[in-house]
2 protein chains.
Amino acid sequence: MEPKFLALDQEKQDRILNAAMEEFAGNGYKNTSTNTIVKKAGISKGLLFHYFSNKKELYLKIYDYFVDLFLSEVQEKVDWEDKDIFNRHRQMASLKIKLFYQYPNVFNFLNAAFTENAQDLRGELESRRERFINHNYREMLQDIDMSKFREDMDVSKMIEIISWSMEGFAYKQQAKFKGLSLDEMDLEETLQELDRYIEVLKYSFYK
Amino acid sequence: MEPKFLALDQEKQDRILNAAMEEFAGNGYKNTSTNTIVKKAGISKGLLFHYFSNKKELYLKIYDYFVDLFLSEVQEKVDWEDKDIFNRHRQMASLKIKLFYQYPNVFNFLNAAFTENAQDLRGELESRRERFINHNYREMLQDIDMSKFREDMDVSKMIEIISWSMEGFAYKQQAKFKGLSLDEMDLEETLQELDRYIEVLKYSFYK
DNA sequence: TTTGTATTGACCAATCCGGTCAATAGGAGT
DNA sequence: ACTCCTATTGACCGGATTGGTCAATACAAA
């Protein structure tokens, strides 16, 4: 990210980042107007182009910034010694929720970036995608303690079902949080709710 | 749908419908150009506007057409006497796959329509959404035989996990089918693969 | 008052798009 | 071969929108 931009106070940075991500996530690259972004962020057009030299750079800088932020967070905060698949998922969920509090549209934005196919971004994005998916799910689920699973069912299918459940839960939570203010969202409560699903899965799939 | 349009031979109809759905699904309403649709469908611009009076009508007519098609199919083909949740899901999956063969983008289109927020469509779409979600998931999962579930876990959570797994499976299959020709996709094989996941879930959640 | 930086927003050239319509193609009937 | 009618074409246009610029202003510090 540009040093000029990073010198801004955090609140203004976040206003701009969130405005841009919300628009990009909701409308795609091409159909997002810089006019809308500046209006939503409460800054002038000129200022946006003072920080980012053009729309394409705005998009890619934000993309890189958050991929880095998230991946380094994961690398750093996850306890890689713990080989229990549910604990791994729970830790990831916790990180995601924390990031979600500050940037409610990061994951929508990153998901959208995954299916984005604007001409201007082709190539630039394509080379970046692999990194993200490799890191996110491969690394996370490798090195798992398989011996805990019941032996009368297909382990890989159980693992898939667990992932799908985590995604389903995340999606459900996000819909629930839509439109709520920050202090109405309770991290602990959400994690406890998640634990109840984990309980069901653990009880079903573990020995 | 316009009678003029329905008088076309099926193959041309489908070419137009699929082209439109693919574009609308991938780029959203506003960012979809009728120029692209006609190019992809292999017809002239004039002809499209001969069948559909304008872009908005094109979108909504297609939406209504496929919602009706799918819902009536469900109403008609599902065996409502069978109260087993897995059989219900399996039947729904079978219907979806069949429709997917003829219209590979119906569900992408309908999903996109669900989050579409173009100014021109607001209101028109909003009033239509409720109907779809009510029918699709409420009706499908009501009237289920709960007595088959284990009693030491939360039934509603198991039901959610089952739904999330079906969605995850569908998503995975669709990614797998991406770019394949019709005759490379095998309905029976897909259903058998689905059955293996159902087996795991049934074994875990049923008494 | 001066100087230097942060910020504004009117402005513009370029692009693109939905929709029209005069013209043509092509088939059926005679 | 000719007529008639419908199906289909695609060049064309007014209007809307956009990314990006830049001269002007606001503001803070000295």
Side-chain angles (χ1 to χ4, degrees), chain A residues 1-17 19-24 26-63 116-122 124-125, chain B residues 1-17 19-24 26-63 116-122 124-125:
Chain A
M1 203 73 77
E2 304 298 310
K4 258 182 297 185
F5 178 76
L6 293 172
L8 283 173
D9 50 308
Q10 191 71 38
E11 190 269 339
K12 198 170 188 177
Q13 273 184 51
D14 288 357
R15 239 169 48 222
I16 297 173
L17 293 173
M21 288 197 286
E22 185 178 342
E23 286 302 300
F24 281 135
N27 309 314
Y29 177 79
K30 196 166 166 227
N31 199 36
T32 289
S33 162
T34 51
N35 297 319
T36 320
I37 294 178
V38 299
K39 219 176 293 164
K40 192 167 275 184
I43 59 167
S44 71
K45 187 89 164 283
L47 199 57
L48 183 69
F49 285 94
H50 179 63
Y51 295 132
F52 301 91
S53 55
N54 55 47
K55 187 182 173 185
K56 181 178 168 184
E57 185 191 293
L58 170 66
Y59 189 95
L60 291 173
K61 281 269 159 64
I62 293 181
Y63 180 87
E116 177 62 64
N117 59 351
Q119 201 62 42
D120 301 10
L121 298 174
R122 283 236 184 90
E124 300 276 7
L125 262 188
Chain B
M1 203 73 76
E2 304 297 310
K4 259 182 295 183
F5 178 76
L6 293 173
L8 283 173
D9 50 309
Q10 190 71 38
E11 190 269 340
K12 198 169 190 176
Q13 273 184 50
D14 288 357
R15 241 169 47 222
I16 297 173
L17 293 172
M21 287 197 286
E22 185 179 342
E23 286 302 300
F24 281 135
N27 309 314
Y29 177 80
K30 197 170 165 220
N31 199 35
T32 289
S33 161
T34 51
N35 297 318
T36 320
I37 295 178
V38 299
K39 220 175 294 164
K40 192 166 274 184
I43 60 167
S44 71
K45 186 87 165 282
L47 198 55
L48 183 68
F49 285 95
H50 179 62
Y51 296 132
F52 301 91
S53 54
N54 54 46
K55 189 183 173 184
K56 181 177 169 183
E57 185 191 291
L58 171 66
Y59 189 96
L60 291 173
K61 280 271 159 63
I62 293 182
Y63 180 88
E116 176 63 64
N117 59 350
Q119 201 63 43
D120 302 10
L121 298 174
R122 283 234 184 93
E124 300 275 6
L125 263 188

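Below, chains carry the letters A, B, ... as their sequence lines are ordered, and counting in each starts from 1. Side chains are part of it too, since the values below use all heavy atoms of this structure and drop only hydrogens, waters and symmetry mates.
Residue Q119(A) contributes atom CD, which lies 17 Å from atom C1' of dG19(D) at whole-angstrom precision. Atoms CZ (F52(B)) and P (dT8(D)) sit 13 Å apart, rounded to a whole Å. Look at CG on D9(A): it is 13 Å from P on dA6(C), rounded to the nearest Å. What separates CG of N27(A) from C1' of dG19(D) is a distance of 16 Å, to the nearest Å. Atom C1' of nucleotide dT20(C) and atom NZ of K55(B) are separated by 17 Å, given to the nearest angstrom. Atom P of nucleotide dC22(D) and atom CG of N54(A) are separated by 15 Å, given to the nearest angstrom. For the pair N31(B) CG and dG18(C) C1', the computed distance is 14 Å after rounding to whole Å. I43(A) places its CD1 atom 21 Å from the P atom of dT25(D), with the value rounded to the nearest Å.
Across all non-hydrogen atoms, the minimal contact from L8(B) to Q13(B) is O-NE2, 3.0 Å. The minimum heavy-atom distance linking A41(B) with I16(B) is given by the pair CB-CA, 3.9 Å.
With rounding to the nearest 0.5 angstrom, the CD atom of Q10(A) is 12.0 Å from the CZ atom of R15(A).
Relative to the side chain of K12(B), the nucleotides dT8(D), dG9(C), dG19(D) differ in distance, and dT8(D) lies closest. Taking only side-chain atoms of S44(B), from C-beta outward, the nucleotide of dG10(D), dG20(D), dT18(D) with the closest atom is dG10(D). For Y51(A), whose side chain is taken as the heavy atoms from C-beta onward, the closest listed nucleotide among dC17(C), dG19(D), dT7(C) is dT7(C).
No hydrogens or angles were tested; on distance alone, a donor-acceptor pair under 3.5 Å links the side chain of K45(A) to the base of dG20(D).
For Y29(A) and L47(A), each mapped to the nucleotide of DNA chain D holding its nearest heavy atom, the one lying further toward the 5' end belongs to Y29(A). Between K30(A) and H50(A), the residue anchored nearer the 5' end of DNA chain C, judged by the nucleotide with its closest heavy atom, is H50(A). Taking for each of N35(A) and T32(B) the nucleotide of DNA chain C with the nearest heavy atom, the 5'-most of the two is the partner of N35(A).
Side-chain N/O atoms of S33(B) include none lying less than 4.0 angstrom from OP1 or OP2 on dC16(C). A close approach under 4.0 Å does occur between a side-chain nitrogen or oxygen of T34(B) and OP1 or OP2 of dG18(C).
A donor-acceptor contact shorter than 3.5 Å is absent between the side chain of E23(A) and the backbone of T36(A). Of the possible polar contacts, none joining the Y51(B) side chain to the L58(B) backbone as a donor-acceptor pair under 3.5 Å is found. Side-chain atoms of K30(A) do not come within 3.5 Å of backbone N or O of Q119(A) as any donor-acceptor pair.
Within the helix from dT1(C)-dA30(D) to dT30(C)-dA1(D), the inter-axis angle between the opening and closing five-pair segments is 10°, rounded to 10°.
Between F24(A) and Y59(A), the angle of the ring planes goes over 60°, which puts this pair in the perpendicular group of the 30/60° scheme.
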